[in-house]
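One structure is given here, and the rest of the page talks about it.
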Amino acid sequence: MGEKRPFDILNSSLNNTVVVGLKGGNEMRGLMVSYDVHMNIVLEKAEQLKDGEVKRGIGTVLLRGDSVVYISPS
Amino acid sequence: MGEKRPFDILNSSLNNTVVVGLKGGNEMRGLMVSYDVHMNIVLEKAEQLKDGEVKRGIGTVLLRGDSVVYISPS
Amino acid sequence: MGEKRPFDILNSSLNNTVVVGLKGGNEMRGLMVSYDVHMNIVLEKAEQLKDGEVKRGIGTVLLRGDSVVYISPS
Amino acid sequence: MGEKRPFDILNSSLNNTVVVGLKGGNEMRGLMVSYDVHMNIVLEKAEQLKDGEVKRGIGTVLLRGDSVVYISPS
Amino acid sequence: MGEKRPFDILNSSLNNTVVVGLKGGNEMRGLMVSYDVHMNIVLEKAEQLKDGEVKRGIGTVLLRGDSVVYISPS
Amino acid sequence: MGEKRPFDILNSSLNNTVVVGLKGGNEMRGLMVSYDVHMNIVLEKAEQLKDGEVKRGIGTVLLRGDSVVYISPS
Amino acid sequence: MGEKRPFDILNSSLNNTVVVGLKGGNEMRGLMVSYDVHMNIVLEKAEQLKDGEVKRGIGTVLLRGDSVVYISPS
């Protein structure tokens, strides 16, 4: 399965900005401060994006892993 | 997985106002008085939001964890 | 997880009127006479609501937990 | 969880007419001749309903529990 | 749960024509030659139906149980 | 459950052309070179179909079982 | 189940370009640097595609297995 494992990218992105794609098409961008094995993720200073544009500020937010489609460090 | 864990944010939000995003696009805002490991959540003095506007008052409401997309302390 | 647990609200709502939001956007309102750990719920004297308006009377109805989004005592 | 349990309503509806709501919005009405713990249900003399109107006769039909939203004895 | 069980109808429909409703609204009609406990089903001489009309011939087809909504012997 | 089992059709279709229907309505047609118990399937010389027409060539593709609706040997 | 198994194609595609189809219709194309048994996948130098056209560059991205529909080495 390669030298890297998928979750390595989460660990190396802690305290960095990530974009998280959610089911339904929304994206959240913010500082990832924690995650768990279910891909539950906490972002701080988060913003909700729609078509790449900032829609609104969210502050701190817990994203439920079941709703996550992708996570990209920026 | 960082010093914090995702559920810490739930514990620290008890008895505070949170906004909960649900599958389908609705949001509920209210005082979080309980939650469990499935992310089942009880809000009091809850309001249903649509596009950020208050749609109606709900009072007390139990949100089923399976329908939760995100939870944000306000 | 607070002094209360999410299911406490179900127990305290037995034999009282509740509104149950279902996946797809419909709501059912009625007297909750039983529930179980899967959030399967039986309402009596139930009415189906659409956008807050009574659409039709249903009588007794078993709601499958998997379809439940929220439950609110009224 | 009350004196009654949700599945009691299924047992007491055996050999009686029920309306079953399915994911996607269709309803089936017929004589319930069997069910199991997954809420798989067999109706006889079943009719498919759309917006409360009979769309067509189906005869005997096995409804997969995973697709069931609600069951109402009529 | 009655004298009959839901899967009895599958067994008694072997080598008979059935209509299978699938998530998304399509139906397949054909000779049911096998099934398993997951409701995976094999039809022979199958036709895809749309709104009750034959859309095209399919021949032999394995339907994944997870996509099945209902099964009706014709 | 009959003399045949649903997965028999997969085994007998190895190295033959199959059409695979996916959630969302797309179809893939190609030579099935492997599958597993989750209905994960690998096609070679695959083409994506839309409404029965070839939309584009795909080459080799792994289809995730969870997305499979039906599989038909052609 | 054939001489090859579905996951073999993932292993042989490590460090090669793949196109990943996601629920909802988007595709991601990039260099696959890791995967796991849940089909969680990490792409580097990834691009988001829409109808086969590059929509935007993503860089590194972790795709959650539950959202994957297909994976095709290019």
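Keep in mind that the numbers below use all heavy atoms, side chains included, and drop hydrogens, waters and symmetry copies. Reminder, nothing fancy here: chain letters follow the sequence lines and each chain counts from 1.
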Heavy-atom contacts under 4.5 Å, [range] to chain G:
range                     : value
residues 52-62 of chain F : Arg56(F), Ile58(F), Thr60(F), Val61(F), Leu62(F)
residues 64-74 of chain F : Arg64(F), Asp66(F), Ser67(F)
residues 17-30 of chain F : Leu22(F), Met28(F)

- [ ] Measure across Ser34(F) and Pro6(G) and return the closest heavy-atom pair with its distance rounded to 0.1 Å.
- [x] OG-N, 3.4 Å

Open item on the list: Looking at Asn16(G), I'd like to know if its CG atom is crowded, meaning that more than 12 non-hydrogen atoms belonging to other residues, nucleotides or ligands lie closer than 6.0 Å.
Closed with: yes

- [ ] Determine whether Met39(G) and Asn40(F) make a side-chain contact, defined as any pair of heavy atoms from C-beta on separated by less than 4.5 Å.
- [x] yes

TODO: Supply the atom-to-atom distance Leu43(F) CG to Ile9(G) CD1, rounded to the nearest 0.5 angstrom.
DONE: 9.0 Å

